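Some notes on the structure that comes next.
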Amino acid sequence: MRRDIENQVRSLIKECGLLFPRAIGQQFRNQVSELLGVDHLLLSVISPLLAIHENVCQQQGKFDNEVRRLAKLDETTRRVMTVPGVGVVTALTFRHTIDDPSRFRSASTVGAYLGLTPRRSQSGETDTNGKISRWGDRLLRTYLFEAATVLLYRTKKWCSLKAWGITLAKRIGMKKAKVAIARKIAVILHCIWVDGTSFDWGQPKPI
């Protein structure tokens, strides 16, 4: 709902020929207020939207704090969150979607369960891999893609998983690499859950 309000406000402002940098939360409301001033014709329409936006942000903040509190109470979730790119929402979604890790014969089958493995097409002497199957929970698959993106672009500390992902991206392209990284993260999360371990960042090899 927050994003819907922000998009609606941007659309109204854009129709008046006004543009401003992308922002969220309090910064978004501040920029809109500064842009419109105190006597703009749009104020009568946009002011109520900003009031709703502020209330939604406050409620979302309370919800986020509660989710973080619940995550800290669960030992498995805390360990899962040691994987770079995996935040509270991804960790909890993985926990509740997988539910019981013992129902998988091996960690590698988790990727197939979540629709992150390529479809195979066999005909005569040909055997080709196509796009991912997209079976399983769509929401968790989306969060794992986001985790892969965060790992590649925002994680500053070196780790073997990121190094592998960057090398793969150079070889097969960023889009396909993100799918492979998302699948790899799912496997790692399952292993951490079953083994009772935390993420191993590894050490860069000497040049």
Side-chain angles (χ1 to χ4, degrees), residues 1-74 77-78 80-81 83-98 114-116 131-157 162 165 169 173-179 181-183 185-186 189:
M1 185 176 181
R2 175 184 59 79
R3 290 184 180 179
D4 291 338
I5 295 174
E6 291 172 358
N7 290 335
Q8 187 176 358
V9 170
R10 286 193 183 97
S11 179
L12 289 169
I13 292 178
K14 188 177 180 179
E15 290 180 4
C16 291
L18 301 174
L19 297 175
F20 61 94
R22 296 188 66 86
I24 60 173
Q26 181 67 51
Q27 186 181 13
F28 170 81
R29 296 192 298 275
N30 291 342
Q31 287 188 2
V32 173
S33 298
E34 182 179 345
L35 191 64
L36 296 182
V38 295
D39 56 358
H40 199 282
L41 293 175
L42 282 177
L43 277 177
S44 60
V45 177
I46 290 183
S47 291
L49 291 174
L50 293 182
I52 297 173
H53 182 271
E54 182 176 8
N55 183 60
V56 170
C57 288
Q58 290 174 350
Q59 296 303 318
Q60 183 175 340
K62 293 178 181 178
F63 172 76
D64 290 343
N65 290 335
E66 179 63 15
V67 169
R68 292 189 185 96
R69 187 186 69 82
L70 292 174
K72 290 180 180 179
L73 293 176
D74 183 72
T77 303
R78 291 199 306 270
V80 164
M81 288 172 59
V83 178
V86 176
V88 173
V89 175
T90 302
L92 289 175
T93 304
F94 186 84
R95 278 278 272 137
H96 292 288
T97 300
I98 299 303
L114 296 176
L116 289 168
K131 296 181 178 180
I132 58 173
S133 67
R134 296 184 186 275
W135 296 331
D137 190 274
R138 180 180 179 182
L139 182 61
L140 178 54
R141 194 164 56 246
T142 300
Y143 286 150
L144 290 171
F145 282 137
E146 291 180 357
T149 301
V150 172
L151 171 71
L152 289 173
Y153 294 107
R154 299 182 189 175
T155 303
K156 302 301 181 183
K157 182 179 177 181
K162 179 176 181 177
M174 186 60 70
K175 187 175 181 180
K176 290 183 179 179
K178 284 183 181 180
V179 174
I181 295 168
R183 182 169 61 247
I185 289 175
L189 295 181

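These figures come from a predicted structure and were not determined experimentally.
More than 12 heavy atoms of other residues, nucleotides or ligands sit less than 6.0 Å from atom CG of Leu70. The 12-atom threshold is not exceeded at CG of Leu41, counting heavy atoms of other residues, nucleotides or ligands nearer than 6.0 Å.
Phe145 contributes atom CZ, which lies 9.5 Å from atom NZ of Lys175 (distance to the nearest 0.5 angstrom). To the nearest 0.5 angstrom, Ile185 atom CD1 is 11.0 Å from Glu146 atom CD. Going from atom CG of Leu152 over to atom OG1 of Thr155 covers 8.0 Å, rounded to the nearest 0.5 Å. In this structure, Thr77 OG1 and Leu189 CG are separated by 10.5 Å, a value rounded to the nearest 0.5 Å. In this structure, NZ in Lys156 is found 10.0 Å from CZ in Arg154, a value given to the nearest 0.5 Å. With rounding to the nearest 0.5 angstrom, the CG atom of Leu92 is 7.5 Å from the CE atom of Met81.
Under a 3.5 Å cut-off, the side chain of Thr90 and the backbone N or O of Val86 do not form any donor-acceptor pair. No donor-acceptor distance shorter than 3.5 angstrom exists from the side chain of Arg29 to the backbone of Leu50, with no hydrogens or angles considered.
In plain terms, the two heavy atoms of Arg95 and Asp74 that are nearest each other are NH2-OD1, 2.8 Å. When all heavy atoms of Leu144 and Ala186 are compared, the closest pair comes out as CD1-CB, 3.9 Å. The shortest heavy-atom contact between Leu114 and Arg141 is O-NH1, 2.9 Å. Summarising the geometry of Val80 relative to Ala91, their closest heavy-atom pair is CG1-CB, 3.8 Å, with the distance given to 0.1 Å. Annotation for Val150 and Gly85: closest pair CG1-CA, 3.7 Å, computed over non-hydrogen atoms. Ala177 and Ala169 make their closest contact through CB-CA, 3.5 Å (heavy atoms, listed as atom of the first residue, atom of the second, distance).
For the 3.5 Å distance criterion, the side chains of Asn30 and Glu34 fail to qualify, holding no donor opposite an acceptor.
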Give every donor-acceptor pair under 3.5 Å between a side-chain atom in residues 1-16 and any protein atom, sequence neighbours left out.
residue : atom : partner : partner atom : Å
Arg2    : NH1  : Glu6    : OE1          : 3.3
Arg2    : NH1  : Glu6    : OE2          : 3.0
Glu6    : OE2  : His53   : NE2          : 2.9
Asn7    : ND2  : Arg3    : O            : 3.2
Arg10   : NH2  : Ala23   : O            : 3.0

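Sequence neighbours left out, the pairs with a member in residues 61-71 that pass side-chain hydrogen bond (donor to acceptor under 3.5 Å, both in side chains) are Asn65-Arg68, Glu66-Arg69.
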